[in-house]
Amino acid sequence: MTTPARDIILESTGLVKHFGGRGLLSSPTVVRAVDGVSLAVERGETFAIVGESGCGKSTLGRLLLRLIEPTAGDVRYEGRSIIGLAPDEMRKLRREMQIIFQDPYASLNPRMNVRDIVGEPIWLHGLARGRDKQERVADLLRTVGLIPSHGDRYPHEFSGGQRQRIGIARALAGEPKLIIGDEPVSALDVSIQAQIINLLEDLKDRFGLTLVIIAHDLAVIRHMSDRVAVMYLGEIVELSDTNALFDDPLHPYTRALLTAIPVPNPTDRQPKPLLQGDVPSPAAPPSGCRFHTRCPHAQALCREAHPELEVASEGRQVACHFWREIRNAGAGALTAPVPSPALTQRLALYRTWRERQDSTGTPTA
Amino acid sequence: MTRTQALRSSEDRLHQAQGAPSLLRVENLSVRFDGSPDDVNVVDHVSFSVEKGKTLCIVGESGCGKSVTALALMGLLPTPPARIVAGRALFAGQDLLALPERQRADMRGNQTAMIFQEPMTSLNPVFTVGDQITEGILRHRAISKAAATERALEMLRRVRIPAPEKRMRAYPHELSGGMRQRVMIAMALANEPQLLIADEPTTALDVTIQAQIIALIRQLQAESGMAMILITHDLGVVAEVADEVVVMYAGRVVERGAVDDIFADPQHPYTIGLMGSVPSLGRRQGALTTIPGTVPPAELMPRGCRFSPRCPFADQRCVSDPPPLVEIAPAHDARCWYAPLELHREVLR
């Protein structure tokens with residue numbers, strides 16, 4: 001059996017980022033934000049990185065774009081290491097690798113109007129000038145669901161969802177191949193979140209993008225991504241195809257995350273086995289398996305030996321000494337609620353009228 | 001039944017004393033911000049009631065008026081710019097909105113208490129956790145400092161803070177987000193309030209911590225029999241804790257009913273659109289359903305149904321005439337001219 005060669009666009013090997021600990025004035029404690037992460041993102045897929053606060057997912061996202069320098073390890077983009085690249089070579093490459101942030105307001109210059117914000121990468125990378133540039137900006141604004149006349153306005157004049165659209169337009173301006181979204185929808189209201197998720201998916205199809213989505217919302221991840229890496233205290237504990245992960249989670253932490261999601265079904269209120277305690281500090285991660293302090297299945301071995309990420313089945317990796325035993329003990333998958341007949345009927349009705357609404361030209365922003 | 005009759009019956013139901021008398025009955029609460037157009041209230045004729053031991057969830061997105069409603073009930077609205085222009089809030093027979101400030105202050109943190117989304121902004125950074133809980137107890141109870149400290153410690157145990165004696169001496173910045181929210185809950189419940197208002201209490205927390213806090217709140221409520229108003233944007237949280245649900249949009253109640261009815265039989269197009277916007281936890285089924293556009297600013301608020309600019313079903317009538325809140329099914333109200341939708345709108349194509 002031969003699998004077709006995977007077309008890897010972005011790859012990290014043994015990526016490490018430690019903060020602090022060096023220098024005269026920095027604190028003596030070392031925060032091990034990212035600690036030995038290896039992953040490979042395939043061209044055209046949506047790859048998700050999920051975990052709770054402090055797990056290192058945002059640091060990993062910045063390392064993958066070399067927005068910060070790693071303590072150790074390597075990042076390869078289209079087969080070429082980007083860690084040693086000279087600044088101007090790196091700058092050229094940035095055109096192809098873009099990022100969208102959680103808080104669009106904090107990432108948009110308040111003193112620039114939208115035309116300049118979106119036009120800056122076009123100018124910077126010398127893609128177009130003058131009238132051509134203005135045309136492109138107008139096109140980009142239309143692409144993300146804004147109108148060209150918005151170009152004259154400033155970021156504070158927009159709502160959160162519209163600002164995220166501006167952030168996306170700016171990311172698209174350099175005609176990227178890869179976009180990393182760091183919690184791109186988590187600050188938005190539910191109805192706006194759905195608009196932005198659909199927009200990102202449309203753009204991905206339209207421009208053949210590869211997306212890396214960093215998020216904590218598992219429902220968003222299940223909806224958007226092809227594969228998922230689950231992080232805990234700077235390490236990947238499970239990496240899997242999305243459906244397999246949700247149908248049959250292997251790592252006890254993944255199971256705990258899935259169990260903790262409040263399910264929108266009031267008729268199914270069972271008491272859940274909950275994870276106790278808080279995430280330990282990444283400045284002093286526990287010995288052995290970093291999850292052992294909260295793991296309901298922990299044994300002596302877990303306190304002593306660090307479990308390596310091992311292949312569980314094709315395309316699945318897990319870092320747990322006892323994943324086989326735990327899996328056989330059953331239960332851990334998520335039962336998604338089935339919508340009621342009335343909701344199903346009215347949603348179908350809503351969708352057909354919604355399509356009509358779009359085709360009659362209601363602005364979406 | 002004609003629509004007017006239905007409307008009347010919906011209003012009557014609210015005024016009737018039912019089996020369990022309501023602990024809090026809010027009637028036609030309206031709040032306006034100075035400077036907004038005369039007829040655009042940020043909270044507009046909002047009515048609901050909460051029974052002892054029960055949880056009412058107010059659900060809606062930014063700008064729907066859910067937090068302003070809560071602040072109005074607690075007497076914490078910044079006036080100006082916010083002004084209560086109409087309404088009553090009967091709590092154990094008294095109209096909260098008519099009480100002088102002194103009496104309100106006596107009630108706050110005593111019979112009624114509130115917790116907020118971001119505990120760090122509600123905790124004083126220069127006092128220890130123990131001092132802050134003790135202060136609230138001494139404000140409302142004629143007991144000694146030592147007895148208040150003992151009570152504070154007991155509260156920390158009840159909210160399951162590990163090593164409570166040590167935490168009494170901790171400052172807020174020394175605690176994690178989940179622990180801070182537990183401290184807030186301990187503080188809010190220290191005087192055994194009859195009503196707790198929780199405004200997005202788990203929104204800033206990680207999912208595993210959120211699950212802990214929800215379980216804790218539910219357990220404490222079962223122990224104490226207090227009533228709760230929980231404000232959230234998260235339909236998952238609503239499904240986990242609510243008995244009754246009020247869906248708000250742009251300052252108005254658009255749908256109201258028992259939690260099972262709201263999820264099984266949603267009537268208002270906004271409620272339906274909101275449910276379609278949430279990604280499913282099951283296998284992917286195509287693109288998400290969306291609600292187009294955003295909430296209009298006050299100066300562009302339509303005279304009729306406030307959802308009409310975004311509603312796929314809206315017609316001229318919706319734009320010009322505000323629909324009343326009508327009882328669609330027993331104890332289930334919706335504010336839409338065309339509910340139930342399948343009777344008024346056909347599937348297109």
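Just so we're on the same page: letters track the sequence lines, and every chain starts at 1. Worth saying up front: this structure is predicted, and the values here are computed from it rather than measured.
Contact of A/Leu274 with chain B is made through the side chain alone, with heavy-atom distances under 4.5 Å. For a residue to count as touching a neighbouring chain, one of its non-hydrogen atoms must lie under 4.5 Å from one of that chain's; by this rule A/Asn265 touches chain B with the backbone only. Looking at B/Glu346, only its backbone comes within 4.5 Å of chain A, counting heavy atoms on both sides. The parts of A/Glu52 that come within reach of chain B are both its backbone and its side chain, each placing non-hydrogen atoms under 4.5 angstrom from that chain. Using a 4.5 Å cut-off between heavy atoms, A/Leu347 contacts chain B through both its backbone and its side chain.
Of residues 233-242 of chain B, those residues lying under 4.5 Å from chain A by any heavy-atom pair are B/His233, B/Asp234, B/Leu235, B/Gly236, B/Val237, B/Val238, B/Ala239, B/Glu240, B/Val241, B/Ala242. When the heavy atoms of residues 211-219 of chain B are compared with those of chain A, the residues falling under 4.5 Å are B/Ala211, B/Gln212, B/Ala215, B/Arg218, listed by number.
In this structure, A/Arg153 contributes its side chain and A/Val114 its backbone to no donor-acceptor pair below 3.5 Å. A donor-acceptor contact shorter than 3.5 Å is absent between the side chain of A/His223 and the backbone of A/Val220. Side chain of A/Lys57 to backbone of A/Ile214: no donor-acceptor contact under 3.5 angstrom is found. Checking side-chain atoms of B/Asp199 against main-chain N and O of B/Gln117 turns up no donor-acceptor pair under 3.5 Å.
Between A/Tyr253 and A/His251, the ring planes are perpendicular. Angles over 60° get that label, and only those under 30° would be called parallel. The aromatic rings of B/Phe307 and B/Tyr249 sit perpendicular to each other, their planes meeting at more than 60°, with 30° as the lower class boundary.
Closest approach of B/Leu341 and B/Phe313 over heavy atoms only: CD1-CE1, 3.7 Å. The two residues A/Gln164 and A/Gln102 have their closest heavy-atom pair at NE2-O, 3.6 Å. The minimum heavy-atom distance between B/His268 and B/Cys336, with the atom names listed, is CD2-CB, 3.9 Å. Considering every non-hydrogen atom in both A/Met231 and A/Ile49, the closest pair reads SD-CG2, 3.7 Å. Listed here is the closest heavy atom pair of B/Pro201 and B/Ile115: CB-CD1, 4.0 Å. Between A/Ile168 and A/Leu200, the closest heavy-atom pair is CD1-CD2, 3.9 Å.
Of the listed residues (A/Pro337, A/Pro341, A/Ser340, A/Gly160), the one with the most heavy-atom contacts under 4.5 Å to chain B is A/Ser340. Options B/Leu274, B/Val207, B/Leu288 differ in how many heavy-atom pairs under 4.5 Å they form with chain A, and the most are formed by B/Leu288. In terms of non-hydrogen atom pairs under 4.5 Å with chain A, the most contact-rich of B/Ser62, B/Gly177, B/Pro162, B/Cys311 is B/Ser62. For the set A/Pro262, A/Gly161, A/Ala260, A/Ala219, the count of heavy-atom pairs under 4.5 angstrom toward chain B peaks at A/Pro262. Per-residue counts of heavy-atom pairs under 4.5 Å with chain B were compared for A/Val263, A/Thr242, A/Asp217; the largest is that of A/Val263. Heavy-atom pairs under 4.5 Å with chain A peak, among B/Arg284, B/Arg160, B/Arg310, at B/Arg284.
Under the side-chain contact (heavy atoms from CB on, under 4.5 Å) criterion, A/Ser159 pairs with A/Gln162, B/Thr294, not counting sequence neighbours.
Counted within 6.0 Å of CD on B/Gln285, heavy atoms from surrounding residues, nucleotides or ligands total 12 or fewer; the atom is thus considered open.
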Throw together a table of side-chain donor-acceptor distances under 3.5 angstrom for residues 258-266 of chain B, partners on residues two or more places apart or in other chains.
| from | atom 1 | to | atom 2 | distance (Å) |
| --- | --- | --- | --- | --- |
| B/Asp265 | OD1 | A/Arg346 | NH1 | 2.7 |
| B/Asp265 | OD1 | A/Arg346 | NH2 | 3.1 |
| B/Asp265 | OD1 | B/Gln267 | NE2 | 3.3 |
| B/Asp265 | OD2 | B/Gln267 | NE2 | 3.3 |

